[in-house]
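Notes follow the structure.
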Number of protein chains: 2
Amino acid sequence: MVTLRDVARAAGVSPATASRALGNPDVVAAGTRERVLRTARELGYRANQAARALATGDSGMIGLVVPDIESPFFASIAKGVDARARELGSSVLIADTQEDAELEAEVAGRVQERVEGVILCSPRMGTADLGGLADLGPTVLINRESSDLPSVSFETPTGVRAALAHLRSLGHRVIAYVGGPHSAWADAERRSALHAVPGLRIVDLGHHRPVHDSGAAAVDTVMACGASAVLCYNDLVAVGLVRSLQSRGIRVPEDISVVGFDDIALATLTAPALTTVRLPWAAAGRVAVDLLLGAGEDAGEDAGEPAAGRAPRRVRLGVELVVRESTGVGPERAVPPLPEA
Amino acid sequence: MVTLRDVARAAGVSPATASRALGNPDVVAAGTRERVLRTARELGYRANQAARALATGDSGMIGLVVPDIESPFFASIAKGVDARARELGSSVLIADTQEDAELEAEVAGRVQERVEGVILCSPRMGTADLGGLADLGPTVLINRESSDLPSVSFETPTGVRAALAHLRSLGHRVIAYVGGPHSAWADAERRSALHAVPGLRIVDLGHHRPVHDSGAAAVDTVMACGASAVLCYNDLVAVGLVRSLQSRGIRVPEDISVVGFDDIALATLTAPALTTVRLPWAAAGRVAVDLLLGAGEDAGEDAGEPAAGRAPRRVRLGVELVVRESTGVGPERAVPPLPEA
DNA sequence: TTGTAAGCGTTATCAT
DNA sequence: ATGATAACGCTTACAA
């Protein structure tokens, strides 16, 4: 391995100068700089990042912990995180916790040892454990909020409201909600806005695992509950429901309308294409990086370690109702839309 | 920050002993060990991985470079890599090259600086550049082969053959191939087996970007070419084609059969569910890690730097035809299946 | 502008 | 079994 010393020696300068020429180009004489850079290139010098990290105390890496990298939205978050990190000169250490709350805590710790801070997506762990993360190192949450940690989440209540208003304006009056996991923060968020639109009866169809089959499994209760439209916890569930409805000979949206949540790629690939609430996952990833690395931070405050008495920074990203083909007119066609909230 | 020295001092031992107690537990006296471990815990000691890496020359990380982490198969590879790496005590540094061949080379270099070796998925770069990667550090390819680098790929020709034989046994005689990108190694692989099944006429429909819309765009040529069945470069294209066919009133599989490639989650969510060739992406990720880290390697050979004259290790994983609903009987119904190759 | 030298926190060699 | 001590490769005061 060719080290900085080798380059320095070959270029006839001290290691210090060689280091400067490489990392702080404008502080060394032009001639020297060129000479060093050239010899470095010739020798095929490659900086040892471990040594650099040790000397500077900056690993140049951030951690990203996700429950399941195969889930479309986590993949999107990863995309955003990676892109923003690269822009900022950082690398991304990723870890998949396999939806396991135990693993999550352990992994977050392990990752934190090697990075400047970690971005934790939709943590499955309990609130108590969440608090403990703060003193392992800077931590930013995505799709979950906590009193101790900075976070970026979504204006889901607004999204729910928009979906509900949309359905109402189409003439629907009783709407079913096929909920997410009982322990999911995001489900509680969605539920919190379920009654925000007046003139609607909401039928709560309970909690479901956020997978395709849950939608299929819910089809009987949906049909029995008397609703003319259904809001689902996420797109996967919605697609499962639509499929199952169709296989029963029930048409979407003619007989029943369905709305999803997330706007994953699948939402546009089904027939009918899914009306859904779009969450800006990749953007969330980018913002989380900024929060973590303190870009645009008000003052010298470390993410994850807020100054005493100061609330951690929380960002909520806007969502957007994307109307496609899975929603149509309901029983009471002739009703004008509610005024926009 | 609490360092090993702090722990050592507090425990009344030398840093060396403290280090041993932590990393090589059975070489220190039981009593000492307990004392050190306890104080370490009490003080909240967390090892500085950069220092460890510098001292041992092992970063404990591997790199994973993918064209697009949002693509289902790369996500699956990442899942496999992550899981296997964790089992082996390694962490995964990930980088998304955004389908950009330039970025790919640069990123691979950057990543290589911080890790023990990198796994490069479906590289978009040219063959020439590929060769240059070897001396940046150990490198393993996934879904591409090279004369210089170890790789794990798939027995796609077998898969093509199986798909073709399946269609033939259903009574199809002329089959269209909707190909992938002209530069894709995987497309060449698939094409290489296109004529392996006798008694079939193959209509080559040219190259297409591997996205949903390509399938939709290909619908006219498909219908014009006289084929009763279509083999697509991948599932996305296949689904696009099916959708487009259906919107023209053409039924799948009654009027035309469609086969995909990859077996992404989407393949089971469409109506009809897609018949496809399943590629074991996650397994490929795991194997790539093993190749990279030399687990099960014959001798002291570094991946990516094969001993002179010795061919790099290449693994080809088996594939499987998954028959679902998008393929049905063709014009010549009554024909018995070919004997299995 | 450049060089000297002192770390950064661990591990590993060599004595003891 | 444990303790000095010297690396590991780089950065960064501090001097010159």
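Residue numbers start from 1 in every chain, and the chains themselves are labelled A, B, ... in the order their sequence lines are given, proteins ahead of strands.
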Inset, instruction - For a side-chain hydrogen bond (donor to acceptor under 3.5 Å, both in side chains) with A/R124, tell me which candidate from A/E104, A/E99, A/E102 qualifies. - result: A/E99
Legend entry - B/S151 versus B/E145, side-chain donor and acceptor atoms under 3.5 Å: no
Legend entry - Heavy atoms of other groups near A/R5 CZ, more than 12 under 6.0 Å: no
Legend entry - Any donor-acceptor N or O pair under 3.5 Å, side chains B/S59, B/E116: yes
Inset, instruction - Give the B/S/- string for nucleotides 7-16 of chain D, one per nucleotide from 5' to 3', where a protein heavy atom under 4.0 Å of the base yields B, of only the sugar-phosphate yields S, and otherwise -. - result: -BBBBBB---
Inset, instruction - Estimate the overall bend of the helix from C/dT1-D/dA16 to C/dT16-D/dA1 from the end axes over five pairs each, rounded to 10 degrees. - result: 30°
Inset, instruction - Mind checking salt bridge (charged side-chain N to carboxylate O under 4.0 Å, His left out) for B/E42 and listing every partner two or more places apart, or none if nothing turns up? - result: B/R38
Inset, instruction - Decide yes or no on side-chain contact (heavy atoms from CB on, under 4.5 Å) for A/N143 and A/L279, but give the supporting numbers first. - result: CA-CA 10 Å; A/N143 199 32; A/L279 266 36; 5.6 Å; no
Legend entry - Sole residue of B/R84, B/K79, B/R86 in salt bridge (Lys or Arg N to Asp or Glu O under 4.0 Å) with B/D82: B/R86
